[in-house]
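One structure below.
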Protein chains: 2
Amino acid sequence: MSAGDATILLVDDHSVVREGYRSVLEKQPGLRVVAEAADGAEAYRLYKSEAPDLVIMDLSMPGIGGIEAVRRIRQRDKGAKILVFTMHQNAGFAVQAIRAGARGYVTKTSPPETLVRAVMDVLAGRIAISPDIDHELALSRLAGENSAADVLTPREFEVLRLLLAERTTDEIAETLHVSPKTVANLHSLIKDKLGVGSDIELVRLALRQGLLTQVDLGEA
Amino acid sequence: MSAGDATILLVDDHSVVREGYRSVLEKQPGLRVVAEAADGAEAYRLYKSEAPDLVIMDLSMPGIGGIEAVRRIRQRDKGAKILVFTMHQNAGFAVQAIRAGARGYVTKTSPPETLVRAVMDVLAGRIAISPDIDHELALSRLAGENSAADVLTPREFEVLRLLLAERTTDEIAETLHVSPKTVANLHSLIKDKLGVGSDIELVRLALRQGLLTQVDLGEA
DNA sequence: CGAATACCGGGAAAATTTCACGACATTGCA
DNA sequence: TGCAATGTCGTGAAATTTTCCCGGTATTCG
């Protein structure tokens with residue numbers, strides 16, 4: 001390896017997965033993995049001490065997550081080149097990551113060539129997005145996600161909140177002093193407005209939009 | 001590689017991750033990776049054609065999941081040795097995997113040595129569980145939590161997983177090659193067994209038990 | 001073998017969801 | 001002011017889903 005190799009810091013909490021990156025990347029001439037981290041805090045420390053040319057960063061990790069790690073590194077070094085490499089095939093995460101300062105976003109379902117290509121692109125100063133995420137972003141742009149908060153009337157929103165919190169239609173009806181039939185009608189209308197076909201999708205949508213947080217789940 | 005090497009089939013939908021397994025495993029004398037699959041159906045096909053000595057199986061994959069793949073392979077071949085290797089550090093998944101016929105359960109956060117050790121153990125006919133899961137199992141045993149995994153049959157658990165992941169009853173029926181009526185019946189039975197009255201409660205229960213993680217929520 | 005369990009799905013009753021419709025109140029603006 | 005648009009509430013009836021009960025097969029286990 002020449003002294004002119006591009007240096008890389010790998011961040012992922014799964015060691016065997018890091019082994020995978022390393023194996024793929026070191027087949028490429030001009031690339032050298034100089035350090036590995038298993039969480040965001042360690043990544044930040046190693047970035048400071050190693051000053052790598054590129055960071056490849058997973059998102060879901062214990063402690064401070066990948067997005068936060070990206071933010072901290074970029075805060076310290078405006079020129080830092082960070083490529084997010086994650087299992088999350090989700091436009092929302094991609095937007096968050098890029099806004100935090102990542103220069104690329106590639107999903108783990110991508111073939112190795114895509115990762116290598118993205119590494120090269122980011123090193124060359126370009127933004128790299130894997131095709132599946134391009135597609136997700138296009139879709140969400142086109143559809144304009146139905147944000148519950150702005151498509152629902154106040155009453156509907158309130159009913160949605162209660163649906164997520166309370167138990168039965170009858171209980172909600174009593175809480176609101178309306179007929180159970182009205183609650184059922186609104187429930188149906190809400191699903192229609194939000195474009196979901198089942199209650200399960202409804203809960204998932206609510207979770208994505210932060211309407212229901214995981215700590216809100218009541219007794220274990 | 002001698003003709004007496006143990007043959008291995010790798011199953012994981014992330015190609016770079018498979019690269020990681022392969023790299024770690026092939027450093028071991030006596031092991032040979034002979035095939036790779038990216039989903040459960042392909043895994044089943046390749047198992048039939050390649051008859052490997054060991055299958056290393058991820059759980060979260062598109063289409064039929066890892067648990068169902070384990071079930072099918074074991075249904076065809078009682079002696080099949082399957083080691084589950086997954087990111088889910090969750091006692092419920094482990095219980096289900098073992099009940100479906102897996103001979104081992106190792107998390108991806110484990111160091112490579114643990115994976116290699118587990119591979120050897122399973123090949124030798126022993127059951128292999130990584131230490132973190134041992135701990136999880138101990139805890140859940142102590143808490144005596146009435147977990148979904150304990151009360152549901154493997155098939156029911158699989159349907160629950162799909163209910164949380166896919167969209168409609170019909171789609172799930174097609175995935176599992178059973179009638180929509182059966183899925184509806186199982187759906188009802190699952191709610192009964194878990195003591196919940198609505199799909200919303202069902203999702204909340206699943207969230208509490210870690211069956212569905214907040215980041216698993218599909219497209220944004 | 002017999003008992004227990006898992007699994008598949010039909011039939012029919014029960015319950016819910018959805019649709020069409022009307023009534024009333026409030027808002028907002030021409 | 002008048003009136004159109006929107007939100008809220010509810011009924012009735014149709015459409016659909018859920019639930020319960022059943023029979024049948026396959027597998028496991030003592």
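In the text below, chain A, chain B and the rest are named by the order of the sequence lines, each starting its count at 1. Hydrogens, waters and symmetry mates play no part in the numbers below; they use all other heavy atoms, side chains included.
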(request) Go along nucleotides 11-22 of chain C 5' to 3' and tag each nucleotide: B for a protein heavy atom under 4.0 Å from its base, S when only backbone or sugar atoms are that close, - otherwise. (result) BB-----BB---

(message) Show, in sequence, the C-alpha distance, side-chain angles and deciding distance for V159(B) and I190(B), and conclude whether the side-chain contact (heavy atoms from CB on, under 4.5 Å) test is met.
(response) CA-CA 9 Å; V159(B) 169; I190(B) 287 165; 4.0 Å; yes

(request) Answer yes when D58(B) and K108(B) have at least one side-chain N-carboxylate O distance shorter than 4.0 Å, and no when they do not. (result) yes

(request) Could you list the residues that satisfy salt bridge (charged side-chain N to carboxylate O under 4.0 Å, His left out) with D199(B), not counting sequence neighbours? (result) K191(B)

(request) Going 5' to 3' through nucleotides 3-8 of chain C, assign each nucleotide B (protein heavy atom under 4.0 Å from a base atom), S (under 4.0 Å only from sugar-phosphate atoms) or - (no protein heavy atom that close). (result) ---SSS

(request) Could you check how far CD1 of I172(A) sits from P of dG10(D), rounded to whole Å? (result) 14 Å

(request) Give, for atom CD of E19(B) and atom CG of L115(A), the distance between the pair rounded to the nearest 0.5 Å. (result) 11.0 Å

(message) Between I200(B) and I200(A), is there a side-chain heavy-atom distance shorter than 4.5 Å?
(response) no

(message) When you compare the side chains of D13(A) and T109(B), does any donor N or O come within less than 3.5 Å of an acceptor on the partner?
(response) no

(message) Looking at R103(B) and I82(B), would you say the former's side chain and the latter's main chain have a donor-acceptor pair under 3.5 Å?
(response) no

(message) The criterion is side-chain contact (heavy atoms from CB on, under 4.5 Å); which residues satisfy it with R117(B), sequence neighbours excluded?
(response) D121(B)

(message) Taking the basic N atoms (NZ, or NE/NH1/NH2) and the acidic carboxylate oxygens, is any pair closer than 4.0 Å for R204(B) and E201(B)?
(response) no

(request) Just say parallel, tilted or perpendicular for the rings of F85(B) and Y21(B), cut-offs at 30° and 60°. (result) perpendicular

(request) Starting at the 5' end of nucleotides 22-30 of chain D, put B wherever the base has a protein heavy atom under 4.0 Å, S where only the sugar-phosphate does, and a dash everywhere else. (result) ------S--

(request) Consider only side-chain N and O atoms of T168(B) and D170(B), and report whether a donor and an acceptor are under 3.5 Å apart. (result) no

(message) Taking the axis from the first five pairs and the axis from the last five, what angle separates them in the helix from dC1(C)-dG30(D) to dA30(C)-dT1(D), rounded to 10 degrees?
(response) 30°

(message) Using modelled atom types and a 3.5 Å cut-off, is there a donor and acceptor pairing between side-chain atoms of R74(B) and backbone atoms of A102(B)?
(response) no

